[in-house]
Enquirer: 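Would you mind keeping the following structure in view while I ask a few things?
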Amino acid sequence: MEKIKCICVMRELLKALSELENQLVTTYGISLNEAMVLCSIGGETVAAGTIVERTGMTPSHASKTISLIEKKEMVARFLGKQDKRQMYFTLTGKGKGCLEEIKKQGINVPELLQPLFDSYSENL
């Protein structure tokens with residue numbers, strides 16, 4: 001019975017994350033993954049590997065997400081100065097503006113996720 005309970009809790013967690021993502025898409029025009037990439041870049045210029053590390057995405061998923069926000073003109077791509085094979089990413093004015101709007105206006109955190117957000121804030 002305990003295994004079934006775990007699956008049921010995961011279902012509720014996925015519904016809460018879906019609700020969170022729907023708010024992001026409706027309010028800011030970006031998905032949860034796109035928002036995570038914007039946050040992982042922040043005010044820095046970072047390599048793709050850093051984005052993968054910070055978001056927990058696979059390299060191919062991160063690459064697809066980066067491409068999506070590049071098309072939305074929120075991220076700029078640069079070749080490395082020492083190693084021309086290395087790609088670096090930075091937020092454009094549009095990307096910074098979107099991130100600032102999210103910080104300023106926020107999003108409504110689903111009730112199920114609120115304890116996680118509260119404990120995260122306490123650890124900052």
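This is a predicted model, so every value here is computed, not measured.
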Enquirer: Is the shortest side-chain heavy-atom distance between Leu99 and Cys39 below 4.5 Å?
Expert: yes
Enquirer: Testing the basics here: between Gly42 and Leu91, what is the closest heavy-atom pair and its distance to 0.1 Å?
Expert: O-CD1, 3.1 Å
Enquirer: Output the distance between atom CZ (Phe89) and atom CD1 (Ile66), rounded to the nearest 0.5 Å.
Expert: 4.5 Å
Enquirer: Could you tell me which non-hydrogen atom of Gln86 sits nearest to which non-hydrogen atom of Ala48, and how far apart they are?
Expert: NE2-N, 4.3 Å
Enquirer: So do Tyr28 and Ile107 actually touch side chain to side chain, heavy atoms under 4.5 Å?
Expert: yes
Enquirer: Indicate, with yes or no, if Ile41 and Tyr88 share a hydrophobic cluster defined by side-chain heavy-atom contacts under 4.5 Å among Ile, Leu, Val, Met, Phe, Trp and Tyr.
Expert: no
Enquirer: Which atom pair, heavy atoms only, marks the closest approach of Ala16 to Pro110?
Expert: O-CG, 3.3 Å
Enquirer: In terms of hydrophobic clustering (I, L, V, M, F, W, Y; side-chain heavy atoms under 4.5 Å; direct or indirect links), are Phe78 and Ile69 co-clustered?
Expert: no
Enquirer: CD of Glu101: more than 12 outside heavy atoms within 6.0 angstrom?
Expert: yes
Enquirer: Taking the side chain from Ser18 and the backbone from Leu14, do they hold a donor-acceptor pair closer than 3.5 Å?
Expert: no
Enquirer: Is the side chain of Glu73 donor-acceptor paired with the backbone N or O of Thr92 at a distance under 3.5 Å, no angle test?
Expert: no
Enquirer: Could you tell me whether the side chain of Thr55 and the main chain of Met36 form a donor-acceptor pair under 3.5 Å?
Expert: no
Enquirer: Could you measure the distance from the CG atom of Asn33 to the NE2 atom of His61? Nearest 0.5 Å is fine.
Expert: 4.0 Å
Enquirer: Near Glu111 CD, under 6.0 Å, is it more than 12 heavy atoms from other residues, nucleotides or ligands?
Expert: no
Enquirer: Has Ser63 got a side-chain atom pairing as donor or acceptor with Pro59's backbone, closer than 3.5 angstrom?
Expert: no
Enquirer: Check whether any side-chain heavy atom of Leu79 sits under 4.5 Å from a side-chain heavy atom of Met87, and report yes or no.
Expert: yes
Enquirer: Quick one: salt bridge (Lys or Arg N to Asp or Glu O under 4.0 Å) pairs with a partner in residues 49-64, sequence neighbours left out?
Expert: Glu44-Arg54
Enquirer: If you define the side chain from C-beta out and look only at heavy atoms, does anything of Val75 sit under 4.5 Å from Leu38?
Expert: yes
Enquirer: With hydrophobic residues grouped by side-chain heavy-atom distances under 4.5 Å, do Leu20 and Val25 end up in a single group?
Expert: no
Enquirer: Linking I/L/V/M/F/W/Y whenever their side-chain heavy atoms sit closer than 4.5 Å, directly or via other members, would Leu17 and Met57 fall into one cluster?
Expert: yes
Enquirer: Quick check: do Leu112 and Lys15 have side-chain heavy atoms less than 4.5 Å from each other?
Expert: no
Enquirer: Does the side chain of Glu19 come within less than 4.5 Å of Leu113's, by heavy atoms?
Expert: no
Enquirer: Look only at the side chain of Glu21 and the backbone of Leu32, and say whether a donor-acceptor pair between them is shorter than 3.5 Å.
Expert: yes
Enquirer: Do you know which two heavy atoms are closest between Glu34 and Gly29, and how far apart they sit?
Expert: OE1-O, 4.2 Å
Enquirer: Using every non-hydrogen atom in the two residues, find where Gln23 and Asn108 come nearest and quote the distance to one decimal.
Expert: NE2-O, 2.5 Å
Enquirer: Under the 3.5 angstrom rule, does the side chain of Ser119 hit a backbone N or O of Leu116 as a donor-acceptor pair?
Expert: yes
Enquirer: Do Ile7 and Arg11 have side chains that get closer than 4.5 Å, going by heavy atoms?
Expert: no
